[in-house]
Amino acid sequence: MTTPPERAAAFGPGRVNLIGEHTDYNGGLALPFAISDGVTVRAQRLSDPHVQAAATDLGERDEFPLHEPPAAEGWRAFVRGAVAELQRDGVELPGARIEISGTVPRGGGLSSSAAMEVALALALVALAGAPEPDRLALARMCSRVETRWVGAQTGLLDQLASLCGREHHALRIDFRSLEVTPVSLQLGGHHLVTLDSGEQHAHAGSGYNQRRRECEEACRRLGLDSLSEASVREARTLPAPLAQRTEHVISENGRVEEAVAALAGEDLPRLGELLNASHASLRDHYEISTPAVEEAVARLRAAGAIGARIIGGGFGGNVLGLLPGDAAAPGGAIEVRPGPGAHLLSSA
Ligand code: GLA
């Protein structure tokens, strides 16, 4: 047996979802990619069964027992949750000193949470000297951190995008089969930017969990396992707002397939139309937009974006724009392109 390392470090990227929003927990399709911004976790072995954690960007600390850590709020919930859930999966963790730092804005819809969970999981598994679980198992473990420890009933989109990301590619994810297929992201001279709406969000506290409950209720009434199985005719038998939520899911799945085809055919104008149609559906049928988000989308379109839309859970955060090469993005916009998925930085 090899000696477990004294230290381990890992990086988890944030993600941008090109299209396919609020489809993951509905057994549908999405097309995200990992970005180059993310969270880095450095872990060092301690001899006693304690965890000391520091969020260096926030200047905050936490300390808790390794076994059965008590619940906590904010970033501490993610760390305690990762430590508890990894042990629950049979990883024999040592006591550790953990340092967390990141470049992805918190509450900005770019999956700072998944980036942190994923980096924590990879660094701690390496520090334990344990074999790395497969990426799907890791995504599920990270998702349990959100549902059990943070109280956000999120799906697997963010974790899979962060863990499976690939340079120059988006990932077509089928949430029914959990099949992940890289799709080359050639934008024919266009570029993608994110623009902050200036409004922060937290899934646990926003309308996110309520949307999930509405989808479950729609499934129950239709006698289906997932809303992606519903037909438009069935959707129209439901009362408002369940009919609108269901119509969004059905149409959004179709747009993901069309976006994959538009990319394959290098049809950028079509991709732009699909992004705009996705935004309209999320605003009018899913009702997760806000005035600040609408303003950010309008700024992108005024700058020449051929497609712009809200991304992530909604109720604030960043919006995404697809701009022709000669269009200057509005001030504050940041270019995004697909970067590598989560990885170990070192262990020794
Ligand atoms: C958040 C959640 C994801 C997904 C998106 C909406 O990012 O964490 O699971 O549901 O919202 O597509």
Side-chain angles (χ1 to χ4, degrees), residues 1-14 37-106 111-152 158-159 162-163 204 340-348:
M1 218 180 112
T2 52
T3 331
E6 284 299 309
R7 295 163 196 275
F11 173 77
D37 282 314
V39 172
T40 298
V41 168
R42 295 182 189 284
Q44 187 188 342
R45 178 175 288 269
L46 292 179
S47 49
D48 62 327
H50 266 83
V51 177
Q52 298 169 5
T56 45
D57 307 319
L58 300 173
E60 291 178 4
R61 302 189 157 273
D62 191 21
E63 187 161 352
F64 56 90
L66 177 63
H67 304 297
E68 301 190 16
E73 298 284 309
W75 67 274
R76 293 176 176 86
F78 290 93
V79 184
R80 294 181 183 205
V83 165
E85 295 299 328
L86 280 170
Q87 294 181 95
R88 203 169 163 264
D89 277 357
V91 180
E92 286 182 31
L93 291 182
R97 180 174 296 140
I98 299 172
E99 215 181 84
I100 306 162
S101 60
T103 54
V104 60
R106 282 177 300 278
S111 284
S112 53
S113 310
M116 175 162 53
E117 293 151 17
V118 158
L120 278 164
L122 287 182
L124 289 173
V125 167
L127 191 70
E132 198 186 297
D134 70 47
R135 298 256 151 162
L136 181 56
L138 276 176
R140 288 201 164 110
M141 190 288 296
C142 291
S143 169
R144 286 206 314 266
V145 172
E146 297 222 4
T147 52
R148 292 192 182 153
W149 290 78
V150 181
D158 308 338
Q159 292 80 10
S162 182
L163 282 160
H343 50 274
L344 267 186
L345 296 169
S346 61
S347 74

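Numbers here are sequence positions counted from 1.
Screening Asp62, Leu93, Ile98, Leu124 for a side-chain contact (heavy atoms from CB on, under 4.5 Å) with Val51, the sole residue that qualifies is Ile98.
Surrounding CZ of Arg135 are more than 12 heavy atoms belonging to other residues, nucleotides or ligands, all under 6.0 Å away. Heavy-atom neighbours of Arg80 CZ from other residues, nucleotides or ligands within 6.0 Å: above the threshold of 12. Counting heavy atoms of neighbouring residues, nucleotides and ligands inside a 6.0 Å radius, atom CZ of Arg148 exceeds 12 of them.
Going from atom CD of Gln159 over to atom CZ of Arg144 covers 11.5 Å, rounded to the nearest 0.5 Å. Between Phe78 atom CZ and Cys142 atom SG the span is 10.5 Å, to the nearest 0.5 Å. In this structure, the separation between CG on Leu138 and CG on Leu86 is 7.5 Å, given to the nearest 0.5 Å.
Across all non-hydrogen atoms, the minimal contact from Ala9 to Arg42 is CB-NH1, 3.6 Å.
Side-chain contact annotation: His67 with Gln87, donor-acceptor N/O pair under 3.5 Å present.
The closest side-chain heavy-atom distance from Glu146 to Ser113 is below 4.5 Å. Residues Val104 and Ser111 form no side-chain contact, since every pair of their non-hydrogen atoms from C-beta on lies 4.5 Å or further apart.
For Thr40 (side chain) and Phe11 (main-chain N/O), no donor-acceptor pair under 3.5 Å exists by modelled atom type. Of the possible polar contacts, none joining the Asp89 side chain to the Val91 backbone as a donor-acceptor pair under 3.5 Å is found. In this structure, Arg76 contributes its side chain and Arg61 its backbone to a donor-acceptor pair below 3.5 Å. Between the Asp57 side chain and the Gly102 main chain, a donor and an acceptor come within less than 3.5 Å of each other. Between the side chain of Ser162 and the main chain of Gly14, no donor-acceptor pair closer than 3.5 Å is present.
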